[in-house]
Amino acid sequence: MGTPMKRSSNSRRRNEKMRLFVTTFIGVVFGFFLGVTFPTISLSKLPLPTNLIPSIDPPDMEKSGLSTQALLNVLKSLRDRVGSLHKNKTPKIWVPSNPRGAERLPPGIVASESDLYTRRLWGLPSEDLIIKPRYLATFTVGLKQKSNIDAAVKKFSENFTIMLFHYDGRTTEWDDLEWSSRAIHVSTPKQTKWWYAKRFLHPDIVAPYDYIFIWDEDLGLENFNAEEYIKLVMKHGLDISQPGLEPNSGLTWQMTKGRNDTEVHKETEERPGWCTDPHLPPCAAFVEIMAPVFSREAWRCVWHMIQNDLVHGWGLDFALRRCVEPAHEKIGVVDAQWIVHQTVPSLGSQGKSENGKAPWEGVRERCRREWTMFQDRMATAEMAYYKAMGMDPPNSTTN
């Protein structure tokens, strides 16, 4: 009687050890496969069906043990399940050549540029635009110059988008003008045209336009035709230009003085000592900031050069040459289409009286200060570049 019971007890212990071994083995194998796939499979989302592991009946194990084939079947089942999860997982999109921030989008949906064309709220988008203007003309305006701007805008054809920046905050008073409903109106009180340009004329926004006019409000355009001006700019290969100024109207520089003997001029003679090089400003490669016209390519560079906090733009005219090459050939004054500078100090009245100074005095003081700040920033940036490149800087900086 003692011998059979002893054998039965030994058999149960062997079967228990076998079950423990099998359970441990399966757990290790399952953990291994789970660990391998962990970076791409969330445990909270991992389906664990009841038939993942073939059932093992303990009585059967007690009788016959677990065969090698059964273990292989367990491994194969695990491998097939993990492979299926990999195949069903949606691949992620990452396109480094897309614009910054859009790397997760398929390239075909990326709209990296925009425009200033107004759209309808109904109908097919493809039928919204009867004509797509090729040029953009912007004016920074106050209501006091309404009649002058009205006359100026009429010098621009339907090939131009008209955009008004209202520094006095008054926009509805322009509604009675026939063209006003087609214009783009932007209003922020007491700001300059370069403040507006930096914020609303990003190169990717004005990309559809071949040329961008960024003009003051106090310009007389009686002898100006915008379409003819564009023809001359293209004919003479100008990327940055301005119309010639009537000789008796508020001249500061000889370069911008209109001439009667030529269509375009690109250089001039200034007062002695004003030009260190005949190809440098203000004797060449120079236009003023009152009425500049930029090609699309030139504006992309100029926009990046405009400082975010220096709103008057003083000093820009001496630095525009950095955006085209060769500057003394790509920058010029169009004499055949000339304008009158009326020298209306409108922005001066938008200043604030401080320390006993009139509002215009504070504005003019800041203009001069910004010029110095811009020159210092350009010189510092230039020196830092040459130092980083291990090169000796040239003698000139901003001039």
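Along the sequence shown, the residues carry numbers beginning at 1.
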When rounded to the nearest 0.5 Å, the distance separating NE2 of His265 from CG of Asp335 is 5.0 Å
Quick one: list whatever passes disulfide (SG to SG under 2.5 Å) with Cys283, sequence neighbours left out.
Cys275
If you count the non-hydrogen atoms of other residues, nucleotides and ligands that lie under 6.0 Å from CZ in Arg259, is the total more than 12?
yes
Pairing residues for Arg296 by the salt bridge (Lys or Arg N to Asp or Glu O under 4.0 Å) criterion, not counting sequence neighbours
Asp210
Run the numbers on Arg366 and Glu370 for salt bridge (charged side-chain N to carboxylate O under 4.0 Å, His left out), then give the verdict.
CA-CA 6 Å; Arg366 171 152 177 165; Glu370 285 196 5; 2.7 Å; yes
Any side-chain heavy atom of Tyr386 sitting closer than 4.5 Å to one from Asp392?
no
Interatomic distance, Ile212 atom CD1 to Thr161 atom OG1 [nearest 0.5 angstrom]
11.0 Å
Determine, step by step, whether Glu288 and Thr256 satisfy the side-chain hydrogen bond (donor to acceptor under 3.5 Å, both in side chains) criterion, reporting the C-alpha distance in whole Å, the side-chain angles of both residues, the deciding distance to 0.1 Å, and the verdict.
CA-CA 7 Å; Glu288 293 187 75; Thr256 57; 2.8 Å; yes
Stepwise side-chain contact (heavy atoms from CB on, under 4.5 Å) test for His341 and Asp218
CA-CA 6 Å; His341 185 206; Asp218 59 340; 3.3 Å; yes
Candidate list Trp194, Tyr196, Trp215, Phe139, test ring pair (Phe, Tyr, Trp, His ring centres under 6.0 Å), partner Phe165, passing option:
Tyr196
Same cluster (ILVMFWY, side-chain, under 4.5 Å), Val141 and Leu143:
yes
Same cluster or not: are Phe286 and Met305 linked, directly or through other Ile, Leu, Val, Met, Phe, Trp or Tyr residues, by side-chain heavy atoms under 4.5 angstrom apart?
yes
Shared ILVMFWY cluster between Trp338 and Leu232, side chains joined below 4.5 angstrom?
no
So how far is it from Leu219 CG to Lys155 NZ, rounded to the nearest 0.5 Å?
13.5 Å
Side-chain touch Leu136/Trp299, heavy atoms, less than 4.5 angstrom
no
How long is the gap from NE2 on His185 to CG on Asp175, to the nearest 0.5 Å?
7.0 Å
Taking atom CZ of Arg199 and atom CD1 of Ile306, what is their separation to the nearest 0.5 Å?
10.0 Å
Using the rule salt bridge (charged side-chain N to carboxylate O under 4.0 Å, His left out), only one of Arg369, Arg377, Lys198 pairs with Asp309; which is it?
Arg377
May I ask you to decide if the ring planes of Tyr229 and Phe224 are parallel, tilted or perpendicular, using 30° and 60° as cut-offs?
tilted
List the steps, then state whether salt bridge (charged side-chain N to carboxylate O under 4.0 Å, His left out) holds for Asp150 with Lys146.
CA-CA 6 Å; Asp150 182 33; Lys146 179 179 176 180; over 6 Å; no
Gap between atom CZ of Phe294 and atom CZ of Arg300 - 0.5 Å precision
14.5 Å
Are Tyr385 and Met378 joined in one hydrophobic group, where the rule is that I, L, V, M, F, W and Y side chains link up if heavy atoms are under 4.5 Å apart?
no
Side chains of Pro208 and Tyr117 in contact at under 4.5 Å (non-hydrogen atoms)
yes
Side-chain touch Leu245/Ile339, heavy atoms, less than 4.5 angstrom:
yes
Are Val95 and Leu105 packed together at the side-chain level, in the sense that at least one heavy-atom pair is separated by less than 4.5 angstrom?
no
With clusters defined by side-chain heavy atoms of hydrophobic residues (ILVMFWY) lying less than 4.5 Å apart, directly or transitively, does Val340 cluster with Met290?
no
